[in-house]
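Just below is one structure, and these are the notes that go with it.
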Number of protein chains: 2
Amino acid sequence: MLTKGLEDYLELIYQTISKNKVIKAIDIANEFKISRPSVSEALIRLADLDLIIYEGRKGIKITEKGVVEAKKIINRHNILFKFFSEVLKIDYQIADKNACKIEHVIDDEVLDKIHQFSELYIKNRANKELN
Amino acid sequence: MLTKGLEDYLELIYQTISKNKVIKAIDIANEFKISRPSVSEALIRLADLDLIIYEGRKGIKITEKGVVEAKKIINRHNILFKFFSEVLKIDYQIADKNACKIEHVIDDEVLDKIHQFSELYIKNRANKELN
DNA sequence: ATTTATTGTAAGGTAAACCTAACTAATTGT
DNA sequence: ACAATTAGTTAGGTTTACCTTACAATAAAT
């Protein structure tokens, strides 16, 4: 299973590549304020798990499996972020920071309920405002 | 700062003592499925932080400071548990398990909002049912 | 084209939170 | 009372996720 750190790195890799940008090991080091050797190690681990293809300076590519995994993580993040910011009206930065921490520990069953609840709540609120 | 593990152990110590029961190192080991030496070490650490008074076989006592800290943790747990079980209608066991994990990472600001939201939501639902 | 700066790797270290095995002290059963 | 069991400690080991220092390879600047 993927650790919190690896999930974070994969998330950033996917998001960067999605924007047609290139991501390098040093970008991950800077983003998460960890050393270059630690990133090196983490990337090798992600490659061992077939989530990325890592060829050092030649670049970082994400695999099919990596995309699936990254999307799962981002989906968790987005559900939590939406609930925090739109339902609870929490400031974006704090909503994001907490989504980032909770996305690694919450069970799918709970996440699904939050998702359903959020959608319903936001829809109902919108209907109410029409009257 | 208290780590996840130490928070969990302190929580159990407080809850057990609150019920006028005696808690021993081995109870903590059994509850969390960790070894006796690991508990020994953790209790020394909690004592170093002035959260408990630990005298080996003579027993574990909780300090004023420990009570304050434990109550904070339990409060977080209860807020999350109530939200999960009463608002989201999640099964007790899963609600408890997730509260247990999230209580260690969530920010106070988010917790407060969840608390307010839960109370309001439950109250409104009760009023609706009266009509 | 060389020098300089940047990026990545290798080697080895640290701290946290666990572990096992072996020992000691205290409690319990007969 | 004393043997057996239980509880806690000591000593030393493992794993994970970091770190620093030093080096190698590539890219950029002059």
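- Rounded to an integer number of Å, the gap from CD1 of A/I44 to P of D/dC18 is 15 Å.
- Here the P atom of nucleotide D/dT26 and the CD atom of A/E55 are 13 Å apart, to the nearest Å.
- Computed from coordinates, the A/N30 CG to C/dG8 C1' distance equals 13 Å when rounded to whole Å.
- Per the geometry, NZ belonging to B/K33 stands 16 Å off C1' belonging to C/dC19, to the nearest Å.
- Atom CD in A/E41 sits about 15 Å away from atom P in C/dG13, given to the nearest Å.
- In this model, the phosphate group of C/dA17 is approached by a side-chain N or O of B/T3 to a distance below 4.0 Å at OP1 or OP2.
- Between A/Y54 and C/dT9 there is a side-chain N or O to OP1 or OP2 distance below 4.0 Å.
- At a threshold of 4.0 Å, the pair B/E69-B/K72 counts as salt-bridged, since one of the basic side-chain nitrogens sits closer than that to a carboxylate oxygen.
- Here D/dA17 is the nucleotide among C/dA21, D/dA17, D/dG8 with the atom lying nearest to any side-chain atom of A/R45.
- Counting heavy-atom neighbours within 6.0 Å of B/K101 NZ, excluding the residue itself, gives a total above 12.
- For the pair A/Y9 and D/dC18, the criterion of a side-chain N or O lying under 4.0 Å from OP1 or OP2 is met.
- For D/dT26, the base has no donor-acceptor partner in the side chain of A/R57 [N/O atoms by modelled type, under 3.5 angstrom].
- Here A/S35 reaches the OP1 or OP2 of D/dC19: one of its side-chain N or O atoms lies under 4.0 Å away.
- Residue A/S38 has a polar side-chain atom (N or O) positioned under 4.0 Å from OP1 or OP2 of D/dC19.
- Atom CG of A/L2 and atom C1' of D/dA17 are 14 Å apart (whole Å).
- The side chain of A/I34 lies closest to D/dC18, out of C/dG8, D/dT10, D/dC18.
- Taking the six-membered ring where the residue is Trp, B/Y92 and B/F81 present tilted rings, their angle falling between 30° and 60°.
- The nearest whole Å value for the distance from the CD1 atom in A/I23 to the C1' atom in C/dT7 is 14 Å.
- The separation between A/I26 atom CD1 and C/dT9 atom C1' is 13 Å, rounded to whole Å.
- Donor-acceptor pairing under 3.5 Å is lacking for the side chains of B/H115 and B/N75.
- Checking A/K82, A/E103, A/H104 one by one against A/H77, the side-chain hydrogen bond (donor to acceptor under 3.5 Å, both in side chains) holds for a single residue, A/E103.
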